[in-house]
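Scroll down for the structure; my scribbles are underneath it.
Convention: sequence-line order gives letters A, B, ...; per-chain numbering from 1. Because the structure is predicted, anything quoted here is derived from the model rather than measured.
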Amino acid sequence: MKKFYITTTLPYVNADPHIGFALEVIQADVIARYKTLQGFEIFFNTGTDEHGTKIYEKAKESKLPPEKYCDEYAERFKKLKEKLNLTYNNFIRTTDDHHIKAVQKFWKKCQENGDIYKRNYKAKYCVGCEMEKTDSELENGRCPLHPNRKLEIIEEENYFFRFSKYQKPLLDFYKKHPDFVIPKHRYNEVIKFVEKGLKDFSASRLKEKMPWGIEVPDDPDHVMYVWFDALINYISCLGWPDNKKKFNNFWPGVQVAGKDNLRQQAAMWQAMLLSAGLPHSKQIFIHGFITADGQKMSKSVGNVINASDLVKKYGTDATRYFLLREIPDYEDGDFTYKRFEERYNSDLANDLGNLLNRTLTMIEKYCDGKIPKSTKDSEFSKQCEETWKKIDELMKVYKFSQILEEVFRLLSKANQYIDEKKPWELAKENEKEELEKVLYNLAETLRQFGIMLYPFIPNTSDKTREQLGLSEIDIKDFDFEKEKNWGELKSGIEIKKGKTLFPRLGNQ
RNA sequence: CGCGGGGUAGAGCAGUAGUAGCUCGCGAGGCCCAUAACCUCGAGGUCGCCGGUGCAAAUCCGGCCCCCGCAACCA
């Protein structure tokens, strides 16, 4: 069986999951679901990033041992699976035993390769921010956020990773793989970054200052810096280094990440893989950010949109639909409740839900509630075929919004078709054959929608199928290629008109 | 000369050379199968500004202004 591996980045567990991460994991889920339809065996990984200073301090604040604190947050992220209807089959925590062992092994490999070395490290530290500051961040030698405080100079011995050594190999690699980073402008961005020159980066901290991390092998005074450990999850989740079979089956994979993560994913992580003698990732797909009402979401502004709240208020599919349709492909997008409800009403309620409803009502009234005789010369069969082609092309470059636009265009054609053909008149005039043809075309088109929408809004896909008298898509044995063909909807099936799919919001 | 994205109808966006498009909203009409839904038509834009190249520019080139991220561990 063909294999496919996809992973999200691991969110840091110092806050509740917000819709930015929801977007990422939903996008990954769409890809995974589509690949599954195509017959791939999927390994779909997500999880939580749990080490590092911020978490250590957050835990202290909430008077919990870090382990407990992480447990609590990891649970909240795990709940997304249900809430967002995700199909991931692996959830890694960077505090998992096997991950820790893998990280230490990875470290040793880099060390054997001469890429880890110790040197004195000096950094400027702002106590106000509790953060190191680089020179570029300073204004007149002071932290712009806390200009009254003097910066502390911290000095300690750190291990460094020889990032600089990989400038040329990385550039060669990018050149050979023009699709390595999607979209193109992110690909260009990372090349520019690497061309500018790479500085070795610090890969460890003194344990006495920051104990919450993975121990450096053979040097218990040091723990690794959090991202060095975190990046390795993309292979430790596959059982590397022990489970060679699984690793070889699935690696390399596609990594979905936010634009803030471009350098880490596309440059640092790739250099680390080179150092450890492992193959590069297959592809990095970078998505944009979500603003709330045009503003960056932040706790201090108090405008953070929480994924769970959306699901609670509007449901899983409406949330998925909004994020996939309204956030522009590759770019930043804006969230507002107004826009959300507009999308919901116009697309999901008026176009999709209403089409299903009116079609099924007519089948009940005019065809005894049974799918009528199938027709060959459908005006829709060709359009469905073309839409499938477009979906396939666009899916390769992760243009989810465009795909949904295409699918809903087809939907709108179906609504037009009803007005054109006026089945109610055909019924009055007893034009049975034409009437059945029209209704079959509509029902079959709806069946096709059901499949097209499966990666995006799976519950709706199920419900649509159910109301057409079909069973839900059982992903394990669903013959996708066959089901895409026009006419797979058998006549005589009894429909099961059910509840309104998406009741309109804000009526009244 | 730090890096990147953006400035197109009231709002949100698509469109990378050849009659300016989509969704929502707005106005008029149609229909009655349907979730006050659906369908048709219409109003509304000097495509940020200035200059250049072209028969032709939102689209290419140069300059400028404005907005938003990032600036080496926050999706």
Side-chain angles (χ1 to χ4, degrees), chain A residues 8-12 14-15 17-25 27 49 51-54 131-132 134-137 163 185-186 188-190 192-193 196 198-199 201-203 225-231 256-264 267-268 286-291 294-299 325-334 336 338-339 341-343 345-366 401-402 405 408-409 412 414-427 439 442 500-505 507-508:
Chain A
T8 67
T9 54
L10 304 188
Y12 216 49
N14 60 353
H18 82 336
I19 53 171
F21 179 67
L23 173 70
E24 179 168 318
V25 73
Q27 288 184 333
D49 181 1
H51 289 121
T53 319
K54 269 194 220 161
M131 264 175 70
E132 283 169 27
T134 56
D135 285 335
S136 57
E137 287 176 302
F163 196 26
H185 62 262
R186 298 295 170 203
N188 294 337
E189 189 179 343
V190 76
K192 274 203 175 156
F193 164 68
K196 249 182 20 192
L198 301 176
K199 276 195 259 169
F201 55 72
S202 160
Y225 240 164
V226 56
W227 44 262
F228 192 92
D229 120 42
L231 287 168
V256 183
K259 63 180 185 179
D260 58 317
N261 246 282
L262 176 66
R263 292 171 182 188
Q264 292 85 304
M268 291 158 96
I286 301 288
H287 61 79
F289 281 180
I290 301 173
T291 51
Q295 269 190 311
K296 186 179 168 167
M297 281 185 229
S298 81
K299 276 193 203 159
R325 177 65 183 88
E326 184 71 10
I327 307 301
D329 297 316
Y330 304 162
E331 304 297 340
D332 292 354
D334 193 40
T336 63
K338 181 166 176 273
R339 197 63 193 149
E341 299 198 353
E342 273 173 16
R343 272 286 173 207
N345 275 340
S346 71
D347 296 3
L348 297 175
N350 297 352
D351 288 349
L352 176 58
N354 186 45
L355 175 67
L356 179 69
N357 193 20
R358 65 200 297 217
T359 301
L360 293 180
T361 303
M362 288 191 282
I363 291 178
E364 272 181 349
K365 277 194 184 164
Y366 309 139
S401 175
Q402 250 190 64
E405 198 183 329
F408 275 75
R409 184 175 319 214
S412 160
N415 272 322
Q416 284 168 31
Y417 182 70
I418 295 180
D419 265 54
E420 231 170 76
K421 296 292 180 182
K422 306 192 192 343
W424 50 93
E425 278 183 16
L426 295 173
L439 292 180
L442 290 170
T500 298
L501 243 41
F502 296 97
R504 273 181 63 89
L505 300 169
N507 274 346
Q508 127 87 37

| query | Is A/Y12 touching bases, backbone alone, or none of the nucleic acid, heavy atoms closer than 4.0 Å? | reply | sugar-phosphate

| message | Strictly under 4.0 angstrom, non-hydrogen atoms only: write out the protein contact profile of nucleotides 1-10 of chain B, one letter per nucleotide from the 5' end, B, S or -. | response | -SSSS-----

| Yes or no on side-chain contact (heavy atoms from CB on, under 4.5 Å) for A/K192 and A/E189, after CA distance, side-chain angles and deciding distance? | CA-CA 5 Å; A/K192 274 203 175 156; A/E189 189 179 343; 5.8 Å; no

| message | Just so I know, are the side chains of A/D260 and A/F289 near enough to count as touching, which here means a heavy-atom distance under 4.5 Å? | response | yes

| A/I418/A/T359 under side-chain contact (heavy atoms from CB on, under 4.5 Å): CA gap, chis, key distance, verdict | CA-CA 9 Å; A/I418 295 180; A/T359 301; 4.3 Å; yes

| With a 4.5 Å heavy-atom cut-off, do A/L426 and A/Y366 have their side chains touching? | no

| field | Spacing of A/F502 atom CZ relative to B/A37 atom C1', expressed in whole Å | value | 15 Å

| query | Roughly how many Å is it from CD in A/E405 to P in B/C22, rounded to a whole number? | reply | 11 Å

| said: How many whole angstroms separate atom NE2 of A/H287 from atom C1' of B/C70? | reply: 15 Å

| note | Note: for A/A349 and A/I19 on RNA chain B, the residue whose nearest nucleotide lies more 5' is A/A349

| request: For nucleotides B/A11 and B/G48, find the distance between their P atoms and express it as a whole number of Å. | output: 14 Å

| request: Fit a plane to each ring of A/Y330 and A/H185, take the angle between them on a 0 to 90° scale, and name the class: parallel (under 30°), tilted (30 to 60°) or perpendicular (over 60°). | output: perpendicular

| request: Could you please spell out the steps behind the side-chain contact (heavy atoms from CB on, under 4.5 Å) verdict for A/R339 and A/D334? | output: CA-CA 9 Å; A/R339 197 63 193 149; A/D334 193 40; over 6 Å; no

| Residue A/I290, side-chain atoms from C-beta onward, closest of B/C33, B/A72, B/A75 | B/A75

| request: Look only at the side chain of A/T291 and the backbone of A/G333, and say whether a donor-acceptor pair between them is shorter than 3.5 Å. | output: yes

| request: May I ask you to decide if A/S412's main-chain N or O and A/Y417's side chain share a donor-acceptor pair within less than 3.5 Å? | output: no

| Which value, in whole Å, describes the distance between the P atoms of nucleotides B/C60 and B/A14? | 15 Å

| Closest to the A/N354 side chain, choosing from B/A72, B/A34, B/U35 | B/A34

| task | Dump the intermediate steps for side-chain contact (heavy atoms from CB on, under 4.5 Å) on A/L348 and A/F408, then the final yes or no. | result | CA-CA 9 Å; A/L348 297 175; A/F408 275 75; 4.3 Å; yes

| query | So, A/N415 and A/R358: side-chain donor and acceptor under 3.5 Å apart, yes or no? | reply | yes

| request: Please answer whether the main-chain N or O of A/A349 pairs with a side-chain N or O of A/N354 as donor and acceptor at a distance below 3.5 Å. | output: no

| request: Find the distance A/L231:CG to B/A72:C1' and express it as a whole number of Å. | output: 12 Å

| Side-chain N,O (A/N261) to OP1/OP2 (B/A75) below 4.0 Å | no

| message | Checking contacts here: which listed nucleotide (B/C33, B/A75, B/U35) is nearest the side-chain heavy atoms of A/T361? | response | B/C33

| query | In whole Å, what separates the P atom of B/A17 from that of B/G10? | reply | 27 Å

| task | Output the single nucleotide from B/A75, B/C33, B/A37 whose closest atom is nearest the side chain of A/Y366. | result | B/C33

What are the atom names and distances for every N/O pair under 3.5 Å that joins the protein to nucleotides 23-26 of chain B?
residue	atom	partner	partner atom	Å
B/C24	O2'	A/E342	OE1	3.2
B/C24	O2'	A/E342	OE2	3.4

| said: Nearest to the side chain of A/Q264, heavy atoms from C-beta on, is which of B/A72, B/C74, B/U35? | reply: B/C74

| request: Check the distance between B/C39's P and A/K421's NZ and give it to me in whole angstrom. | output: 17 Å

| field | Side chain A/N357 and base B/A34 donor-acceptor under 3.5 Å | value | no

| query | Between B/C70 and B/C55, how far is it from one P atom to the other, in whole Å? | reply | 46 Å

| request: Using a 4.0 Å heavy-atom cut-off across all strands, classify A/G258 as base, sugar-phosphate, or nothing. | output: sugar-phosphate

| remark: By nearest-nucleotide position on RNA chain B, the 5'-leaning member of A/G288 and A/M268 is A/M268

| query | With sugar-phosphate meaning primed atoms plus P, OP1 and OP2, does A/P423 contact a base, only sugar-phosphate, or nothing at under 4.0 Å between heavy atoms? | reply | nothing

| request: Check whether any side-chain heavy atom of A/N357 sits under 4.5 Å from a side-chain heavy atom of A/T361, and report yes or no. | output: yes

| said: If I pick the C1' atom on B/G54 and the same atom on B/U16, what distance separates them, to the nearest angstrom? | reply: 16 Å

| Length of the CG-P vector between A/D49 and B/A75, whole Å | 9 Å

| Can B/G54 be described as syn, meaning its chi torsion is within 90° of 0, or is it anti? | syn

| Under 3.5 Å, is there a donor-acceptor pair between the side chain of A/N345 and the main chain of A/L505? | yes

| Using the P atom in both, what is the distance from B/C47 to B/A36, to the nearest Å? | 41 Å

| query | Between A/Q416 and B/U40, is there a side-chain N or O to OP1/OP2 distance below 4.0 Å? | reply | yes

| CH2 of A/W424 versus P of B/C39: gap in Å, rounded? | 11 Å

| Checking all strands, does A/K365 fall into the base, sugar-phosphate, or nothing category for heavy-atom contacts under 4.0 angstrom? | sugar-phosphate

| task | Classify the nucleic acid contact of A/E326 as base, sugar-phosphate or nothing, counting any heavy atom under 4.0 Å across all strands shown. | result | sugar-phosphate

| said: Measuring only the P atom in each nucleotide, how far is B/G25 from B/C66? A whole number of Å is fine. | reply: 36 Å

| Quick one: A/R358 CZ to B/A34 P, roughly how many Å, whole number? | 9 Å

| Distance-only, no hydrogens or angles: does the A/D329 side chain make a donor-acceptor pair with backbone N or O of A/S401 under 3.5 Å? | yes

| said: From the set B/C32, B/A34, B/A72, return the single nucleotide nearest to any side-chain atom of A/E425. | reply: B/C32

| query | Which nucleotide, B/C33, B/A14, B/C39, lies nearest any side-chain atom of A/P328? | reply | B/A14

| note | Stems with RNA chain B, 3 or more Watson-Crick or G-U pairs in a row (under 3.5 Å), are B:2-7 with B:65-70, B:10-13 with B:21-24, B:26-30 with B:38-42, B:48-52 with B:60-64

| Whole-Å P distance, B/G63 and B/G2 | 14 Å

| task | Kindly say whether A/D419 contributes a backbone atom to a donor-acceptor pair with the side chain of A/K422 at under 3.5 angstrom? | result | yes

| message | Base, sugar-phosphate or nothing for A/L501? Non-hydrogen atoms, less than 4.0 Å. | response | base

